[in-house]
Visitor: 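Take this structure, written in structure tokens, and hold onto it; I'll ask about it next.
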Amino acid sequence: MSKALSVPAPPLATTVREEARLPSLPLQLGAGWVVAGLLNLLADFLPGHVHPLDGPQVLAYAVDFGRHLAFGLCSVALVWAARRWLPPLYGWLAFALLSLSLGALVLPTDLDGLAERLGERTGVSPGLASAAVVLVIAGAVPVLAWLSQPRSWRWPWMARAVQAGCALAALGAAYLNASISPGGNPSAHLYLSWLTAIFAGHLLPPLELPGQALVRRWLWAVAAALLLGSLWALFWPHPNSVMIRLARRPSSLHLLAVLQSDGGADNVHATLVARAGPFFAPRAGLPPVPPSPQRPPVQRPVVVLFSIDSLRADVLRKEPYAEYLPNLRELMSAGADFTNARAPGSMTKYTLGSISMGKYFSQQYWSGGRNRWPKQDTSVHFASVLSAAGVFTAAFPATDWLRNANGILRGFEQNELQGDKLPGNDRWIDGSALTAQLIAGLERARERPAFFWVHYLDSHDPYYKSGIRGGSTFKHYLRSLRVVDGYLGEVRAALARLGLAERALLLVVADHGEAFGEHDSRFHGSSLYEELIHVPLVVAGKGVVPRALDVPVSLVDLGPTILDWFGLETPAAFMGQSLLPFLLGESRSFQRPIVAETRLKQAMVFSDGYKAIRDLRRKTVELYDLNKDPEELQNLSDQVDPEREEHLLLLRSFFQVHTYREGGYRVPYVK
């Protein structure tokens, strides 16, 4: 007994240190996710990201931070398992495989546009360009994690330099996460959050806590609390108002909601369709709509549809911006100015396709791989009806995907890509070349009825034609619009010079608006708020009564209006109705709703001023009273009221009836 007691024990300090040392890399990554979550919250208080600190916003912060905790716990578990059961090299390979597999699953949908542009510039196929983008972004995570891990450096200053670099990289990734692509690209934001966590985690030293039993008890308690918070953030059914706040935050980890099923088709339309009107019922088999009894005082009409990219309605109407659009404002006074017009989408391909086909995006068939187009859609385009009736038709596409073959526009006798490219963009035709082609077409149309469509991309971001250096983005935007307004002046002068003014009908529209910080968004395509779908619609010509019209109209009314002007029937499948009576000084009652779509978001504007928005990808709904809240700041969808609920049900009902579903087809997410 005494001999056993005489065996020397190891030093106490050494035992505690060896037993209590925590596995550094897993905990560093977990702590890095916590830091990333905190930086993400702090980014909301940067200029341009200020939100009202009300109940839903506080809850949204908690949910978002809980999601960062969830990713942190997953990182701890995965890295700990890899280090415990795999050699170091295989552990890193498993980490790289995880990042690349997740990237291949979620990144292509959000980054197809970038891949397409890279493919066009490099000449590689879209598939290879997309794979390269995924490889670079998803591969950066394991590579940078390996490069930034702590090492035994020969000189202390090297370790300090690596730490300083990690600090700057963490802050830079967090800043980019809060700044780029607001309201969109959730998978890209996931990877930026991941990089923020990696760099932030490597700033933390290896942890040593005294007392093995105490450490274990605290670790289990902390892990249980974090797990409960993560489960609450991920799976608890949070209020719609909270989900909307999360969806608007660019760096929110909203990818989980995006990957969830939308729950299938709705079954709500049967109780509403009878009193909602004929446009809420299937239109297949209905007879064409005959032309209006009122006729324009024009023989052999020449119609010009002049569409401008990204022009907001309020920019046209506010006096401080009058100097940038003198020709269009003069046309407003000379023609019918529809002050309450809306685009059927907030991206060019959504709007122009809907105008041409008379159908909304969900009614069209978009095919192909990652780069989808309505090439195989069999819908009738109104230009095809005009061409079949002997009207000369010509479109002047500013980019190749507006040619007949891609299906956005179709049925034009002339639709070729010609002319010099925009400075700084080899994919788009300069507006001066388009204007010259249009005027040449007008010269050839002196003896026959004709329809021309020209779309200008000169005012599209990044506003290549602004002609100035420095200054705000909005200033560049206005200067680019002034260039396009000059083209309008040239077209009007050409119509007068060629003796076509007495036969011409000139329609000026915008495909969508542009956001400059409203609802935490920039540019266009990511939402359906008024800054993006409220657009100008001005019509002038012989017989058109000059006046401002506040009646709600849609750009899908353009096809029926133009067909009506030529005295032709409108196909029954078209979702718009002719505006010709308004142009001739009369009026009519509308039965069709006003609808808009973009990126699996759907909106409907009602005659009583209410507007409903549904996001199929993020599983949120919104309802606004535009009469009282034109800036769409107070979402009424959470206030239970039978009348308000009916607006949301009508939106769902419309798309249940008017969605293309043949052959198992599902409406795709198209950017």
Visitor: Given the side-chain rings of F382 and F574, with only the six-membered ring counted for Trp, is the space between their centroids under 6.0 Å?
Guide: no

Visitor: Any side-chain donor paired with an acceptor under 3.5 Å for R283 and Q363?
Guide: no

Visitor: Starting from the C-alpha separation in whole Å, work towards a yes-or-no answer on side-chain contact (heavy atoms from CB on, under 4.5 Å) for V454 and V491.
Guide: CA-CA 11 Å; V454 60; V491 172; 6.0 Å; no

Visitor: Output, in order, the C-alpha distance, side-chain angles, deciding distance and verdict of side-chain contact (heavy atoms from CB on, under 4.5 Å) for S432 and Y487.
Guide: CA-CA 7 Å; S432 58; Y487 301 145; 4.0 Å; yes

Visitor: With rounding to the nearest 0.5 angstrom, report the OG to CZ distance, S578 to R588.
Guide: 6.0 Å

Visitor: From W428 CH2 over to Y456 OH, what is the distance, rounded to the nearest 0.5 angstrom?
Guide: 16.0 Å

Visitor: Using a 3.5 Å distance criterion without hydrogens, assess whether the side chain of N340 forms a donor-acceptor pair with backbone atoms of D550.
Guide: yes

Visitor: Quick one: does D309's side chain get under 4.5 Å of H455's, heavy atoms only?
Guide: yes

Visitor: Are the side chain of R479 and the backbone N or O of Y463 linked by a donor-acceptor pair below 3.5 Å?
Guide: no

Visitor: Looking only at heavy atoms, what is the nearest atom pair of P571 and V380, with distance?
Guide: CG-CG1, 4.2 Å

Visitor: Please report the C-alpha distance between R614 and M604 in whole Å, then the side-chain angles of each, then the deciding distance to 0.1 Å, and finally whether the side-chain contact (heavy atoms from CB on, under 4.5 Å) criterion is met.
Guide: CA-CA 9 Å; R614 183 188 184 198; M604 183 176 289; over 6 Å; no

Visitor: Mind running side-chain contact (heavy atoms from CB on, under 4.5 Å) on F396 and Q414 for me, showing each step along the way?
Guide: CA-CA 8 Å; F396 305 100; Q414 176 184 329; 3.4 Å; yes

Visitor: Is the shortest side-chain N to carboxylate O distance from E622 to K611 below 4.0 Å?
Guide: no

Visitor: Could you tell me whether F654 and F279 have their ring centroids closer than 6.0 angstrom?
Guide: no

Visitor: Is the backbone N or O of E514 less than 3.5 Å from a side-chain atom of S310, with the two atoms forming a donor-acceptor pair by type?
Guide: no

Visitor: When rounded to the nearest 0.5 angstrom, what is the spacing between CG in N404 and CZ in F412?
Guide: 7.5 Å

Visitor: Under 3.5 Å, side chain of D511 to main-chain N/O of T351, donor-acceptor pair present?
Guide: no

Visitor: Looking only at atom types and distance, does a side-chain atom of R599 sit under 3.5 Å from a main-chain N or O of G525, one as donor and one as acceptor?
Guide: yes

Visitor: With rounding to the nearest 0.5 angstrom, report the CD to CD distance, E632 to E531.
Guide: 6.5 Å

Visitor: Locate the shortest heavy-atom distance separating V657 from P282; write the atom from each residue and the value.
Guide: CG1-N, 3.5 Å

Visitor: Tell me, with the steps shown, if F516 and Y477 meet ring-ring contact (aromatic ring centres under 6.0 Å, His included).
Guide: CA-CA 10 Å; F516 292 92; Y477 168 70; 5.0 Å; yes

Visitor: Would you say Y324 and V315 make side-chain contact, with heavy atoms under 4.5 Å?
Guide: no

Visitor: Return the CG to CG distance between L409 and L402, rounded to the nearest 0.5 Å.
Guide: 5.0 Å

Visitor: Are the side chains of V289 and Q577 in contact, using a 4.5 Å heavy-atom criterion?
Guide: no

Visitor: Establish, yes or no, whether a centroid distance under 6.0 Å links the rings of F361 and W366.
Guide: yes

Visitor: With no hydrogens and no angle check, is any side-chain donor or acceptor of Y360 less than 3.5 Å from a backbone partner on A596?
Guide: no

Visitor: When you measure from the side chain of S356 to the backbone N and O of G353, does any donor-acceptor pair fall under 3.5 Å?
Guide: no

Visitor: For a quick test of reading the model, state the closest non-hydrogen atom pair linking L584 to Q294 and the distance between them.
Guide: CD1-CB, 3.7 Å

Visitor: Quick check against the 3.5 Å criterion: does R403 have a side-chain atom that pairs as donor or acceptor with the backbone of D400?
Guide: yes

Visitor: With heavy-atom distances below 4.5 Å as the criterion, would you say the side chains of V535 and L311 are in contact?
Guide: no

Visitor: R329 and D485: salt bridge (Lys or Arg N to Asp or Glu O under 4.0 Å), yes or no, with the steps?
Guide: CA-CA 10 Å; R329 287 177 66 90; D485 185 79; over 6 Å; no

Visitor: Using a 4.5 Å cut-off on heavy atoms from C-beta on, say whether the side chain of H519 contacts that of E530.
Guide: no

Visitor: Looking only at atom types and distance, does a side-chain atom of D615 sit under 3.5 Å from a main-chain N or O of T620, one as donor and one as acceptor?
Guide: no

Visitor: For the residue pair Y660 and Y665, does the interplanar ring angle fall in the parallel (under 30°), tilted (30 to 60°) or perpendicular (over 60°) class?
Guide: perpendicular

Visitor: Do Y610 and L636 touch side chain to side chain, with heavy atoms closer than 4.5 Å?
Guide: yes

Visitor: To check you understand the geometry: which heavy-atom pair defines the closest contact between S362 and Q602, and what is its length?
Guide: OG-NE2, 3.8 Å

Visitor: Closer than 3.5 angstrom, by distance alone: can the side chain of R295 be matched with the main-chain N or O of S292 as a donor-acceptor pair?
Guide: yes

Visitor: When rounded to the nearest 0.5 angstrom, what distance separates CG in L478 from CG in L325?
Guide: 8.0 Å

Visitor: Below 4.0 angstrom, N of the basic side chain to O of the carboxylate: do R592 and D557 qualify?
Guide: yes

Visitor: Are the side chains of F452 and V302 in contact, using a 4.5 Å heavy-atom criterion?
Guide: yes

Visitor: Do L600 and V667 touch side chain to side chain, with heavy atoms closer than 4.5 Å?
Guide: yes

Visitor: So, for N327 and R492, which heavy atoms are closest and what is the spacing to 0.1 Å?
Guide: O-NH1, 3.6 Å

Visitor: State whether R497 and E490 are salt-bridged, where the test is any N-O pair (Lys NZ or Arg NE/NH1/NH2 against Asp/Glu carboxylate O) under 4.0 Å.
Guide: no

Visitor: Which pair of non-hydrogen atoms, one from K601 and one from S527, has the smallest distance, and what is that distance?
Guide: CD-CA, 4.1 Å

Visitor: Counting only heavy atoms from other residues, nucleotides and ligands, does the tally under 6.0 Å from CD of E586 exceed 12?
Guide: yes

